[in-house]
Amino acid sequence: MDLASINVQEGMSEAIGEVLENMAFMEALPGGEENALDPDEPVFYTRLPIYKPTPSTVGLVVPQGLALSLAGALMMKECTMDEDEFEVLDVLSELTNTLAGSLLTHLLPELDSFELGLPECRVIGNWDTKREWSDCQEFLYQVDEQGFYCLWRSH
């Protein structure tokens, strides 16, 4: 099945909800205008290529404050950028990997297997001018009133 022809919104909502609840014990809810990201706050940007069944990409755009909270929840410690930046990158990469698997399971439950690439994660300051994901669908969610995006693109 061609992933480019599928509406992923419902599957994305289910997948991100499951992933954050199971991994970080946090509830992801649909975001609104009040949860829009501050363009002046640095964000962590992740992306992961999906090779099979159809070339696609899934990713996250997470503001620094929420990224530290997510990493802290998964690592069970308070995280700071000065001491834990590499661990935060690892946590968000793993979240993206798990999100991709969960999303594909929701979109294509009959699929026996799929092939994922390696996740990339980096910090982007002043992200609004360096919007590398402009060709992706953006799905805005929030955790504790902090907004973040799940990204999807199917080639």
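Position 1 is the first residue of the sequence; numbering continues from there.
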If you take all heavy atoms of [X] and [Y], which pair is closest and at what distance?
X	Y	value
Thr96	Gly59	CG2-CA, 4.2 Å
Gly11	Leu103	C-CD1, 3.5 Å
Ala73	Met26	CB-CE, 3.9 Å
Ala67	Leu92	CB-CD1, 3.8 Å
Val62	Phe148	CA-CB, 4.2 Å
Leu89	Cys121	CD2-SG, 3.4 Å

Distance-only side-chain donor-acceptor flag, [X] / [Y], under 3.5 Å:
X	Y	value
His106	Glu18	yes
Arg153	Thr57	yes
Ser56	Tyr51	no

If I take atom [atom1] from residue [X] and atom [atom2] from residue [Y], how far apart are they, to the nearest 0.5 angstrom?
X	Y	atom1	atom2	answer
Glu145	Leu29	CD	CG	10.0 Å
Asp144	Leu66	CG	CG	8.0 Å
Leu70	Gln146	CG	CD	8.5 Å
Cys136	Leu151	SG	CG	5.0 Å
Leu116	Leu104	CG	CG	6.5 Å
Cys79	Leu74	SG	CG	9.5 Å

Check this for me: [X], atom [atom1], are more than 12 non-hydrogen atoms of other residues, nucleotides or ligands nearer than 6.0 Å?
X	atom1	answer
Lys52	NZ	no
Glu33	CD	no
Gln9	CD	no
Glu41	CD	yes
Glu132	CD	yes
Asp135	CG	yes
Glu34	CD	yes

Task: Ring centers of Tyr45, Trp133 separated by less than 6.0 Å - done: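 For Tyr45 and Trp133, the ring centres are under 6.0 Å apart.
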A side-chain contact here means heavy atoms from C-beta on lying under 4.5 Å apart; do [X] and [Y] qualify?
X	Y	result
Arg122	Arg47	yes
Leu20	Leu95	yes
Gln137	Met12	no
Leu118	Leu48	no
Cys150	Val58	no
Leu60	Phe44	no
His155	Thr54	no
Glu94	Met23	yes

Main-chain N/O of [Y] paired with [X] side-chain donor or acceptor, under 3.5 Å:
X	Y	result
Gln64	Pro42	no
Asn35	Gly32	yes
Tyr141	Ser13	yes
Asn97	Ser93	no

TODO: Please test Phe139 against Tyr149 for side chain to side chain contact (heavy atoms under 4.5 Å, CB included), starting from the C-alpha separation and ending with a verdict.
DONE: CA-CA 5 Å; Phe139 302 97; Tyr149 289 109; over 6 Å; no
Task: Cluster check Met75, Phe86: I/L/V/M/F/W/Y, side chain < 4.5 angstrom - done: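 Yes.
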